[in-house]
Amino acid sequence: MDCLFCSIVDKVIPSNIIYEDDLLLSFTDINPQAPIHFLIIPKKHIKSLDTMENDDLELISHIFKVIPKLAKQQGIEGGYRVVNNCGKNGGQTVDHLHFHVLGNREMLWPPG
Ligand code: AMP
Ligand code: ZN
């Protein structure tokens, strides 16, 4: 399967990895939208939040357990934003489930 983030998981495509365990990989975004911007993805290929199955729900709780730890470890202060772009109208450009974590600037609302 031709998937950019699966290639990053397989280390065929290099990335700046900040965290890895059996289930997850986290790496800095190549086009950062904040002073700190990293992605966290399941190693398993899941296309989007929309195609998740019940068995995958554990992954999501694990992701959200790891995010605050990484935010602290990466030096985010004063809060952060977690984003999942889902599908075309959600602005998803890579079809492998991922969560953005953005920090160290004040975020705007509503998002664009
Ligand atoms: P989304 O638009 O939510 O699908 O987010 C995809 C994100 O992946 C964007 O923020 C891109 O900058 C990021 N991205 C694309 N290619 C790479 C790469 N090779 N390494 C790290 N981040 C990437
Ligand atoms: Zn994939």
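Counting convention: from 1, in listed order, for ligands and their atoms alike.
- Using a 4.0 Å cut-off between heavy atoms, Leu39 contacts ligand 1 through its side chain alone, with no backbone atom that close.
- The environment of Lys72 atom NZ is sparse: at most 12 non-hydrogen atoms of other residues, nucleotides or ligands sit within 6.0 angstrom.
- For ligand 1 and His100, the ligand atoms under 4.0 Å from any heavy atom of the residue are 1 (P), 3 (O), 5 (O), 7 (C), 10 (O).
- Looking at atom 7 (C) of ligand 1, its nearest protein heavy atom turns out to be Asp29 OD2, 3.5 Å.
- Gln74 has its side chain out of reach of Tyr19: every pair of non-hydrogen atoms, C-beta onward, lies at least 4.5 Å apart.
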* Asked: How far apart are the C-alpha atoms of Leu49 and Gln92, what are their side-chain angles, what is the distance that settles it, and do they pass the side chain to side chain contact (heavy atoms under 4.5 Å, CB included) test?
  -> CA-CA 10 Å; Leu49 203 55; Gln92 184 172 6; over 6 Å; no
* Take Glu20 and Lys11 through the salt bridge (charged side-chain N to carboxylate O under 4.0 Å, His left out) test and state the conclusion after the steps. => CA-CA 12 Å; Glu20 180 170 15; Lys11 303 192 175 129; 2.9 Å; yes
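- More than 12 heavy atoms of other shown residues, nucleotides or ligands fall within 6.0 angstrom of atom NZ in Lys43.
- At the top of the distance list for atom 5 (O) of ligand 1, counting protein heavy atoms only, stands His98 NE2, 3.0 Å.
- Among protein heavy atoms, atom 17 (C) of ligand 1 sits closest to Ile30 CG2, 3.6 Å.
- Counting protein heavy atoms only, atom 16 (N) of ligand 1 is closest to Leu4 CD2, 3.3 Å.
- Heavy atoms of Phe5 found under 4.0 angstrom from ligand 1 belong exclusively to the side chain.
- Close contacts of ligand 1 with Asn85, meaning ligand atoms under 4.0 Å from a residue heavy atom, involve 1 (P), 2 (O), 3 (O).
- By the criterion of a heavy-atom distance under 4.0 Å, neither the backbone nor the side chain of Gln33 is placed next to ligand 1.
- Taking a cut-off of under 4.0 Å to the non-hydrogen atoms of Gln92, the atoms of ligand 1 that pass are 4 (O).
- Checked against the 6.0 Å centroid criterion, the rings of His98 and His96 do not qualify as a close aromatic pair.
- On a distance-only criterion, His37 and ligand 1 share no N/O pair closer than 3.5 Å.
- Counting heavy atoms from C-beta outward, His62 and Asp21 have side chains that approach closer than 4.5 Å.
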Side-chain donor-acceptor contacts of residues 24-33 below 3.5 Å, not counting sequence neighbours, with atom names and distances?
| from | atom 1 | to | atom 2 | distance (Å) |
| --- | --- | --- | --- | --- |
| Ser26 | OG | Leu39 | O | 2.8 |
| Thr28 | OG1 | Asn16 | ND2 | 3.1 |
| Asp29 | OD1 | Asn31 | N | 2.8 |
| Asp29 | OD2 | His37 | NE2 | 3.4 |
| Gln33 | NE2 | Asn31 | O | 2.9 |

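- Taking only nitrogen or oxygen atoms, main chain and side chain alike, Gly91 reaches within less than 3.5 Å of ligand 1.
- Residue Thr28 touches ligand 1 through its backbone alone, judged by heavy-atom distances below 4.0 Å.
- Applying the 4.0 Å criterion to heavy atoms of Asn31 picks out, from ligand 1, the atoms 12 (O).
- The side-chain heavy atoms of Ile36 and Tyr80, taken from C-beta on, include no pair separated by under 4.5 Å.
- Per residue His96, closest N, O or S atom to the Zn ion (ligand 2): atom name ND1.
- The option with the heavy atom closest to atom 4 (O) of ligand 1, from among Ile13, Thr93, Val83, is Thr93.
- The shortest distance between side-chain heavy atoms of Leu70 and Ile40 falls below 4.5 Å.
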* **Derivation of the side chain to side chain contact (heavy atoms under 4.5 Å, CB included) call for Leu97 and Ile41** => CA-CA 6 Å; Leu97 179 68; Ile41 71 173; over 6 Å; no
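- Restricting His45 to its N, O or S atoms, the one at the least distance from the Zn ion (ligand 2) is ND1.
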